Amino acid sequence: MSLALVLAIVGALAGGYYFAMRPVTLKIAVGPANSDDIRVVQALTQAFTQTKGQVRLRPFQTDGATASADALAEGKVDLAIVRGDVDVPKNAQAVATLRKNVVVLWSVPAKGKKRGPKITKIAQLAGHRVGVVGRTQANVNLLKVILQQYRIDPAKVEIVQFPANEAAEAIKAQKADVYLAAGPVNSKITSDAIAASTKDFGAPTFLAIDSADAIAQNHPVYEASEIPAGTYGGSPARPEDEVKTISFSHHIVARKGVAETTIAAFTRQLFAVRQQLVTEFPLAAKIETPDTDKDAVIPVHPGAAAFVDGEEKTFLDKYSDYIWWSLMALSAMGSIGAWFAGYLKKDERDSNNHQRERLLDMIAAARKCETTEELDQMQTEADDILRDTLRCYDHGAIEEGALTAFNIALDQFHSAVADRKALLMSLPQNLQRAGAQFRAAGNA
């Protein structure tokens, strides 16, 4: 029973360890197709598989950051890559900052009949067309935030939106006077669009968002930022001087219900493989830890916070209390079980105790026997007592100590019988018969 109990405990601990440490697959929503986000997530998926980490990824492709946020809100996925300036689901908690995006506004000189005054400031946008690169509504909303900051009614600005892969054609066709693109500082989409503007119309004019600090103050999802001089190459450099703008982040967020230990493991693996991805995806170097402040725009997931703060719990840290109390409970159950088993065998144990007392009485009686027949009868009774005692020991009614005491009493009985038989055998037959007759007469 003790061995079985030990094996059960070891099995339970091994099963619990396996259950806690087995690989967990998290479904992550990301989009749109052929985007840098898709490629980064695919690279992370392969890296996690190759390193045989505790967490594995399964990409869930969507139409964009907004659709990814909706998938997380509906509980279809465990993780999602979302824009910080869209409506983040209430059940989303930040795990990491994937990258920071800057807003680039530039105007191009018009040609032919469309030639008009040069636009150099955002305040001049009223009555003009603004081309927004990308189909996402979030970029349009971003433009409206900028216009409202400058007291420009968005209804007085014609907004033309086109896919990123059609940006060069739209610029060549002069579909707008000013263009807006949002992405990483070294975004290829933005660089190609600016290069197309330069090729067809000459050096573009970059529009500074001088009220970036005010926008960041009124809209915490945005931050004041700068576009360094020469970011988009060229000679002269594009832009020639540093341009003030606003930025926003792309976040990796987790569903609130995902286990803390799982997200902590994912965050640890993410930053462990980040450097492996830099060669193929330079943007991977920009992956940052989330904002752990209590007033953060997106609250941090407890698992990610534990990793950032160095308070990540190990298996024993998390389950030591359960293991301890389980061992205590098993010990108590074992004690109760042993007591109950002993209680059930109480009658059998008491009967054996009486038989042992009978054996002790038989030792004294054997020394007084006058015939060998009586000794033989007592020997037969002792054999029955021995048989019952061994059966009690097999049933667990008596312990090894009680069996040892019984063996001592049995040895004494055998010695007494042997000594008495030797004495009786040394007496003449007539004296034995006389003694027997005398006792028979006394009994009568």
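Computed from a predicted structure; not experimentally measured. All residue numbers in this chain count up from 1 along the given sequence.
- When all heavy atoms of Ile263 and Ala254 are compared, the closest pair comes out as CD1-CB, 3.6 Å.
- Around atom CG of Asn353, more than 12 heavy atoms belonging to other residues, nucleotides or ligands sit under 6.0 Å away.
- In this structure a side-chain-to-backbone donor-acceptor pair under 3.5 Å is present from Gln161 to Thr136.
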CA sep, side-chain torsions, deciding dist, call: Asp87, Thr66, side chain to side chain contact (heavy atoms under 4.5 Å, CB included): CA-CA 8 Å; Asp87 292 333; Thr66 302; over 6 Å; no

- request: Apply side-chain hydrogen bond (donor to acceptor under 3.5 Å, both in side chains) to His414 and Gln379, showing your working.
  value: CA-CA 8 Å; His414 287 157; Gln379 183 66 58; 3.2 Å; yes

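- Proximity of a side-chain donor or acceptor of His251 to a complementary backbone N or O of Val88 within less than 3.5 Å is not detected.
- Other residues, nucleotides and ligands contribute only 12 or fewer heavy atoms inside 6.0 Å of the CD atom of Gln217.
- For the residue pair Val221 and Gly84, the shortest heavy atom distance occurs at CG1-O, 3.2 Å.
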task: For the pair Arg387 and Asp384, evaluate salt bridge (Lys or Arg N to Asp or Glu O under 4.0 Å) and give the outcome as yes or no after the intermediate values.
output: CA-CA 5 Å; Arg387 186 179 298 105; Asp384 293 337; 2.9 Å; yes

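- Asp411 CG: more than 12 foreign heavy atoms inside a 6.0 Å radius.
- Residues His128 and Glu158 fail the side-chain proximity criterion, which asks for heavy atoms closer than 4.5 Å.
- Heavy-atom minimum distance, Gly53 versus Pro23: O-CB, 4.3 Å.
- Side-chain atoms of Ser197 and Trp106 form a donor-acceptor pair, as typed in the model, at a separation below 3.5 Å.
- Here the CZ atom belonging to Arg356 is positioned 12.5 Å from the CG atom belonging to Leu410, to the nearest 0.5 angstrom.
- Between Pro163 and Arg135 there is a side-chain heavy-atom pair separated by less than 4.5 Å.
- Among all heavy-atom pairs drawn from Pro228 and Thr231, the shortest one is O-OG1, 2.5 Å.
- Looking only at side-chain heavy atoms (C-beta outward), Leu44 and Leu277 come within less than 4.5 Å of each other.
- A donor-acceptor pair is defined here as one N or O able to donate and one able to accept, closer than 3.5 Å; such a pair exists between the side chain of Thr51 and the backbone of Phe48.
- Atom CD1 of Ile159 is separated from atom NZ of Lys144 by 5.5 Å, given to the nearest 0.5 angstrom.
- Of the possible polar contacts, none joining the Thr245 side chain to the Val104 backbone as a donor-acceptor pair under 3.5 Å is found.
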- request: Kindly determine whether Val102 and Ser247 satisfy side chain to side chain contact (heavy atoms under 4.5 Å, CB included), including the steps that lead there.
  value: CA-CA 4 Å; Val102 295; Ser247 65; 4.1 Å; yes

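- Using bins of under 30°, 30° to 60° and over 60° for the plane-to-plane angle, the ring pair Phe248/His250 lands in the tilted bin.
- Listed for the Thr62 side chain is a donor-acceptor partner under 3.5 Å among the backbone atoms of Gly64.
- Crowding of Ile189 atom CD1: a count of heavy atoms from other residues, nucleotides or ligands under 6.0 Å not exceeding 12.
- Summarising the local packing, NZ of Lys244 is surrounded by more than 12 heavy atoms from other residues, nucleotides or ligands at distances under 6.0 Å.
- The backbone N or O of Val132 lies less than 3.5 Å from no partner atom in the side chain of Asn139, so there is not a single donor-acceptor pair.
- At least one side-chain heavy atom of Ile171 sits less than 4.5 Å from a side-chain heavy atom of Phe201.
- Judged purely by atom type and a 3.5 angstrom limit, Arg274 uses its side chain to pair as donor or acceptor with the backbone of Ile287.
- In this structure, the side chains of Phe162 and Val133 come closer than 4.5 Å at one or more pairs of heavy atoms.
- To the nearest 0.5 angstrom, Asp388 atom CG is 11.0 Å from Asp383 atom CG.
- When all heavy atoms of Pro154 and Leu147 are compared, the pair lying nearest together is CA-CD1, 4.1 Å.
- Contact check for Lys286 versus Leu98: no side-chain heavy atoms found under the 4.5 Å cut-off.
- Lys199 contributes atom NZ, which lies 16.0 Å from atom CD1 of Ile194 (distance to the nearest 0.5 angstrom).
- Classification of the Phe271-Phe307 ring pair by plane angle, with boundaries at 30° and 60°, yields parallel.
- No side-chain donor-acceptor contact under 3.5 Å links Glu260 and His301.
- The backbone N or O of Ala47 lies less than 3.5 Å from no partner atom in the side chain of Gln276, so there is not a single donor-acceptor pair.
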query: Where do Asp36 and Arg39 land on the salt bridge (Lys or Arg N to Asp or Glu O under 4.0 Å) test, with the steps shown first?
result: CA-CA 5 Å; Asp36 288 339; Arg39 288 189 283 271; 2.6 Å; yes

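- If you run side-chain contact (heavy atoms from CB on, under 4.5 Å) between Leu57 and each of Val30, Thr49, Leu26, only Leu26 comes through.
- Between Ile252 and Phe266 there is a side-chain heavy-atom pair separated by less than 4.5 Å.
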- request: Show your reasoning for whether side chain to side chain contact (heavy atoms under 4.5 Å, CB included) applies to Tyr150 and Ile209.
  value: CA-CA 10 Å; Tyr150 284 86; Ile209 305 178; 4.1 Å; yes

- request: Take Arg99 and Glu288 through the test salt bridge (Lys or Arg N to Asp or Glu O under 4.0 Å) and record every step on the way to the result.
  value: CA-CA 8 Å; Arg99 68 171 187 270; Glu288 300 177 356; over 6 Å; no

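- Asp291 places a side-chain N or O within 3.5 Å of a backbone atom of Asp293 that can act as its donor or acceptor partner.
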message: Run the salt bridge (Lys or Arg N to Asp or Glu O under 4.0 Å) test on Glu223 and Lys100 for me, step by step, so that the C-alpha distance in whole Å, both residues' side-chain angles and the decisive distance to 0.1 Å come before the verdict.
response: CA-CA 10 Å; Glu223 297 179 8; Lys100 290 186 179 294; 3.5 Å; yes

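- Remark: the Gln137 side chain and the Asn141 side chain contain an N/O donor-acceptor pair separated by less than 3.5 Å.
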- request: Mind running side chain to side chain contact (heavy atoms under 4.5 Å, CB included) on Ile227 and Glu242 for me, showing each step along the way?
  value: CA-CA 6 Å; Ile227 302 173; Glu242 185 177 83; over 6 Å; no

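- Contact of the Thr205 side chain with the Ile119 side chain is not registered, since no non-hydrogen atoms from C-beta on lie closer than 4.5 Å.
- No more than 12 heavy atoms of other residues, nucleotides or ligands shown are found within 6.0 angstrom of CD on Glu169.
- Once rounded to the nearest 0.5 Å, the distance linking CG of Leu105 with CG of Leu143 reads 7.0 Å.
- Within the 3.5 Å criterion, the main-chain N or O of Ile385 finds a donor-acceptor partner in the side chain of Thr389.
- Residue pairs satisfying the salt bridge (charged side-chain N to carboxylate O under 4.0 Å, His left out) criterion with at least one member in residues 56-80, sequence neighbours excluded, are listed as follows: Glu74-Lys76, Asp78-Arg255.
- For the atom pair Asn186 CG and Thr190 OG1, the distance stands at 9.5 Å (nearest 0.5 Å).
- Counting all heavy atoms, side chain and backbone alike, Gly31 lies closest to Asp37 at O-OD2, 4.2 Å.
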